[in-house]
Structures are given as C-alpha cells and as structure tokens.
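Lettering follows sequence order; numbering is per chain, from 1.
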Amino acid sequence: MVSPLATRMDGVAHSVGAVTPQCARFTTPLPLACSATLDSFELAYETYGTLNSERSNAVLICHALNASHHVAGYYEDEPDNVGWWDNMVGPGKPLDTTRFFVVSVNNLGSCFGSSGPVSINPATGQPWGADFPLVTVEDWVDAQARLADYLGVSRWAAVMGGSLGGMQTLCWAIRYPMRLMHGLVIASAPKLSAENIAFNEVARQAILSDPDFFDGHYARYDTRPRRGLRVARMLGHITYLSGEQMEEKFGRQLREGLKFSFAPEFQIESYLRHQGEKFAGYFDANTYLRITKALDYFDPAAAHNGDLTKAMEDARCAFLVISFTTDWRFPSERSREIVRALIDNRRDVSYAEIDAPNGHDAFLHDDVQYHATVRTYYDRIAADLSEREATS
Amino acid sequence: MSNDFKNATTTKVRSDFSLIADWVMPGARVLDLGCSDGNLLAYLRRSRQATGYGIEISIEGVKASIANRVNVLQRDLEGGLADFSDGSFDCVILSQTLQAMHRLEALIESMLRVGREAIVTFPNFGHWSHRWQILRGRMPVSESLPYQWYNTPNIHLCTVQDFDYFLTKRGYRILARQVLADDEPVTFLPNVFGQLALYRFKKGDS
C-alpha cells in the first residue's frame with residue numbers, strides 16, 4: 001500500500017489499498033414510501049480518506065443496480081475483489097481521496113450487508129426474504145441521510161452517482177437541498193421511459209417464473225432462482241453495452257463452428273451466459289426485483305403533474321451532469337431533460353456529453369475526457385473548500 | 001491546452017471583452033454562445049456580477065470553462081437554443097463565432113427569442129488588408145482570419161456594411177456599434193480600417 005504522502009509527491013494515481021467494510025445500526029424507525037416502517041436497520045458502508053476538522057470535505061457515492069458499498073481498494077483477504085469505481089476514487093484519481101473523505105453505502109434492500117431480503121428480520125429471527133418491503137430511491141436517500149448524521153456530516157461537499165446512483169443524487173438535491181454543495185449526475189435520467197420499464201419487467205418475469213422462486217421464499221427450500229437471475233442479467237447486460245461495441249468485440253465470431261444445436265455457438269452467446277452465470281452466483285433475486293422496482297418508481301416530477309422544473313425548484317446545489325454518446329439505455333436526451341429543468345430554475349449546472357464507445361457502461365470505464373472532466377470539477381470543489389477554510 | 005477549442009479566429013487579447021462588459025447591465029443574466037474557455041463569462045462575472053451559462057461544442061472548452069468556474073453546457077449551436085425558455089436572459093452573446101455558423105439567420109432569431117438583447121462580434125472582412133489580398137488575386141489570410149481557403153471553418157464572412165444591412169433589413173434595432181483596429185476604436189471609414197466589429201441590438205418592435 002502506498003501512503004497518501006507518496007502519492008502527492010509523485011503525482012501518480014494509486015489504489016486506496018486494503019479497505020475494511022463497516023456497518024452502522026440505526027434504531028430510530030424509518031418510515032418508507034410503501035407506508036411500512038423499518039423499526040431498525042443496518043447500513044454497510046466504506047470510507048476512504050480523512051474527514052477534515054470543518055467536516056466539509058465529505059463526498060457520498062451512490063451505487064447503481066447491482067453494485068455495493070465496495071467502491072475502491074480491495075479486501076485484505078480478497079486481493080482480487082477490487083471496488084467497482086476504483087478507477088474513479090483513490091489517491092490522485094479524479095475523486096482524490098487525499099483531499100476528500102469519500103463515503104460509499106450499500107442501499108437498503110440490497111444483498112451486500114445492509115438490511116434487505118437476505119438479512120435477518122429482527123421480528124422473526126429468520127431472513128426477510130420476500131417479506132422485506134419494496135423500498136424506493138427516496139427511502140434509500142432517507143437512510144443515507146441517517147448515515148450522514150451518524151458520521152457527523154451535516155453537508156456533503158458532493159453527492160455523486162451513475163445511472164440509478166445519479167437518480168439518488170437528484171433525490172438528495174430535491175429532498176435535502178441544504179445538505180449538499182454539489183451533485184454529480186452521470187449517465188442518468190429523471191425517470192425511466194416505457195422502454196426502460198419494459199426491460200425491467202422482462203427481467204423480473206424471468207425471476208418470477210423460475211420454478212425455484214417459490215414466491216420469493218426460496219431460502220426456505222434451500223434453493224435460489226438461478227435460471228431467472230441468469231436471464232435477467234443477460235438481458236440487462238445487453239442494455240448496458242452499445243451495439244457498435246458489441247459488434248466490434250464479438251461480431252459473428254463462433255467458438256467452434258456451427259453445430260446445429262442450441263449450445264452456445266456464437267461468442268456473444270457464451271459471453272452473455274458467462275455474465276449471467278457469474279451474476280446468479282452472487283446476487284439475490286429478491287434484491288434484483290426490489291431494485292428494478294425502485295428504478296421504475298423514481299419520478300420526482302410525478303408529484304408536480306410531470307413538471308420536472310417544478311420538481312427541481314427546491315434544489316440548491318450546483319450540478320455536473322454527464323452523458324455518453326453511445327448510451328441508449330439513458331441517452332443524452334434524458335440528461336438534457338435534467339439540465340433543462342435546472343436552467344429553468346437558474347441553478348448552477350454544467351453538462352458534458354462524452355464521446356465514448358461503451359454504451360451505458362461507459363460511466364464505469366476510465367475514458368480520458370470523462371475522467372478529466374470529473375477531475376476538473378472536483379479540483380474546483382477542492383479549491384472552493386480551501387478558500388473557505390482560509391477565510392474562516 | 002489543445003487547439004481543438006480555439007474559436008474560428010484567434011486573438012491574443014480579447015480586446016472586445018471590456019467593450020462587451022460596458023453593454024452588459026450589472027447583475028445581468030447572460031448566455032454566451034460558443035464560450036470557448038469561459039474567459040468572457042468569467043470576466044463578466046468579475047466586472048458586472050453577471051450570471052448565466054456558456055455553450056461550447058468542444059470538451060476541451062468545457063473543461064476549461066469548468067476550471068474557470070463558469071456554467072458550461074456542451075452542445076452544438078447548430079442544434080438551436082431549444083433548451084432555453086423565451087426571454088430567460090438579459091443578453092445573449094455570440095462572440096467571434098458568427099462567421100463559422102451554418103444556420104446563422106435562425107440562430108440570431110433565437111438569440112432574440114431567449115434574450116432581450118443580443119451582442120454579436122465578428123472579424124470585419126472589409127478590412128483593407130483583406131481587400132488588398134483579394135486584389136492581388138489571393139484569399140485573405142490575416143491575424144483575425146488566420147486560415148487558408150481550404151481549411152477555414154469560416155463560411156459566413158461579412159463586412160461591417162453587410163451586417164448593418166442585414167440587421168436593418170430584418171427590422172432589428174441597433175443599440176450600439178463599435179469597430180476596433182489594434183484594440184482602438186475606428187471612426188474613420190470603419191469598413192475599411194476596422195478589424196473587429198461589435199454590435200448590440202434587439203428586436204425592432206421591443
């Protein structure tokens with residue numbers, strides 16, 4: 001592991017090194033959008049960097065569908081388990097952990113340590129399974145605000161997320177306008193389109209129609225709906241890539257020639273099967289159902305007759321909105337809807353449309369211009385922070 | 001910094017900045033079309049407490065503007081100004097970008113849809129040095145128009161007289177005009193001796 005000091009001196013980006021996940025327990029009941037209440041809950045999280053004495057340099061990372069609180073670094077006992085946004089977060093990286101205190105949290109209803117379908121329901125002593133309530137983006141953000149209180153962060157220097165994480169950032173800006181200075185909304189949308197919901201529904205049907213699903217109580221039967229999860233992930237994966245990139249990477253390449261069978265023959269088939277298999281091995285089906293529903297439900301404009309400008313009226317933070325040219329899941333036009341609503345409200349907003357080949361997944365890649373744009377934005381935030389420090 | 005986000009012309013010092021600032025009301029809402037590195041908006045923020053947005057096509061310009069603490073939106077101006085509501089700005093600026101625009105008439109029209117006033121600056125094609133080079137049989141190349149005929153992005157070159165005629169014919173009302181050469185105002189034969197023209201105008205009926 002390289003010390004932060006060495007990083008500053010050689011100017012090269014490094015990993016945050018070995019990290020340890022933590023868990024915070026909350027015993028004040030959390031009311032949910034579905035009108036149920038969680039009497040108590042736990043949130044798994046990780047932090048990188050150091051909170052300064054003014055407690056002003058904290059940045060929250062919100063994760064997307066299948067990710068977790070493991071954003072950067074690796075685990076001592078699992079050196080290959082590298083965080084999902086390790087190219088973005090670390091010493092000398094665009095979000096520089098030598099300057100910022102970065103917090104990443106696993107959302108409620110997920111399956112990586114926070115309260116969710118695989119955790120124990122305190123009322124029964126059994127795993128929640130299908131009984132865990134359907135949670136929304138608003139519920140997640142409310143829970144994240146509890147974590148902010150717990151960590152002593154009254155205002156984030158920035159909240160940042162890609163895709164569904166970008167929706168959480170928007171939600172923070174609307175719901176807790178005074179608790180963040182900047183919002184970075186990347187490859188996101190103000191709500192899902194009918195087509196987006198359609199894809200989610202097919203993925204859910206794959207799970208719901210798996211004979212091993214048992215109405216969500218598969219744990220009782222000591223099984224898991226692996227086939228459904230596999231198909232759901234295969235479908236999702238197609239929407240994360242661009243057609244162009246898939247063509248370039250796989251084209252019509254065959255593994256061993258045509259065999260007139262339904263075994264995987266084309267490389268793209270075996271790639272998708274591999275992705276599906278991997279995913280079915282670690283992800284929970286009840287979680288997948290819940291997170292896709294949270295995506296479907298998110299629509300802050302709905303309470304204002306579909307008027308996003310009105311919905312964003314209370315937001316006070318400055319925004320950086322980024323989209324990618326080949327993202328057809330959340331195309332640039334969706335990001336521009338957010339930008340337009342912010343302009344109409346005269347908010348500070350910058351928008352970059354990055355020319356990248358990787359489709360929706362581009363937000364996870366280390367494209368040079370994309371990372372340089374994010375880095376420039378964080379440089380500005382850091383400069384603002386040290387200016388304020390100097391004048392106070 | 002790469003050359004990508006240079007405007008269609010290059011000038012060492014943007015001598016037009018202080019003149020433009022004189023035409024911008026304190027605290028004005030400003031939209032700068034083709035804002036490049038955001039220097040003009042940063043200057044207007046400092047000198048006039050102006051706020052607003054820049055539009056820039058290149059990612060290099062976007063990054064430079066962000067570093068300048070300027071709100072910048074990456075997009076192609078040829079796509080129009082549909083993202084902006086009617087009358088949402090006090091002033092819309094097109095600084096040394098006009099000569100490279102395809103749909104110029106539509107752009108100027110939408111500038112006065114989203115803004116109360118427009119400020120347009122452009123290199124004067126009528127400058128004597130350009131005339132002289134044409135008389136000698138060559139396409140002009142100068143400090144304000146540094147490109148060769150085969151690689152120039154400038155497709156709508158015009159003279160001071162041309163632009164006067166254009167605004168009058170469209171029924172726009174000229175509020176102020178200034179022509180510069182070597183950073184100094186030109187009053188004698190501006191269409192011959194002026195290098196850079198600056199116009200402030202609005203709709204004729206407003």
Do other residues, nucleotides or ligands put more than 12 heavy atoms under 6.0 Å from [X] [atom1]?
X: D86(B); atom1: CG; answer: yes
X: D76(B); atom1: CG; answer: yes
X: E109(B); atom1: CD; answer: no
X: E54(A); atom1: CD; answer: yes
X: W132(B); atom1: CH2; answer: no
X: Q161(B); atom1: CD; answer: no

When only pairs under 4.5 Å are counted, which of I354(A), D379(A), I343(A) shares the most heavy-atom pairs with chain B? I343(A)
Hey, does the side chain of Q74(B) reach the backbone of E353(A) with a donor-acceptor pair shorter than 3.5 angstrom? yes
Tell me whether T376(A) contacts the main-chain N or O of A67(B) through its side chain, where contact means a donor paired with an acceptor under 3.5 Å. no
Is it the backbone or the side chain of [X] that comes under 4.5 Å from a heavy atom of chain B, or both, or neither?
X: A383(A); answer: both
X: D355(A); answer: neither
X: L342(A); answer: backbone
X: V339(A); answer: side chain
X: R336(A); answer: side chain

With sequence neighbours excluded, tell me which residues meet ring-ring contact (aromatic ring centres under 6.0 Å, His included) with F101(A). none
What heavy-atom pair brings R340(A) and A82(B) nearest, and what distance separates the two atoms? CD-O, 4.5 Å
Heavy-atom closest pair, residues S350(A) and N71(B): OG-CA, 3.5 Å
Tell me, side chain or backbone of I59(B) under 4.5 Å from chain A's heavy atoms, or both, or neither? side chain
V62(B) portion near chain A, given a 4.5 angstrom heavy-atom threshold: side chain
Begin from the C-alpha positions of R29(B) and R346(A) and carry the test side chain to side chain contact (heavy atoms under 4.5 Å, CB included) through to its verdict. CA-CA 9 Å; R29(B) 295 277 301 166; R346(A) 303 189 164 196; 3.5 Å; yes
Could you tell me whether the side chain of R375(A) reaches within less than 4.5 Å of the side chain of K63(B), counting heavy atoms only? no
Residue pair R69(B) / D384(A), side-chain heavy-atom distance below 4.5 Å: yes
Worked check of side chain to side chain contact (heavy atoms under 4.5 Å, CB included) between Y53(B) and V349(A): CA-CA 8 Å; Y53(B) 307 92; V349(A) 52; 3.7 Å; yes
L320(A) vs I66(B), side chain to side chain contact (heavy atoms under 4.5 Å, CB included): CA-CA, chis, key distance, verdict: CA-CA 9 Å; L320(A) 176 64; I66(B) 289 174; 4.0 Å; yes
CG (D344(A)) and OG (S88(B)) are apart, to the nearest 0.5 Å, by 7.5 Å
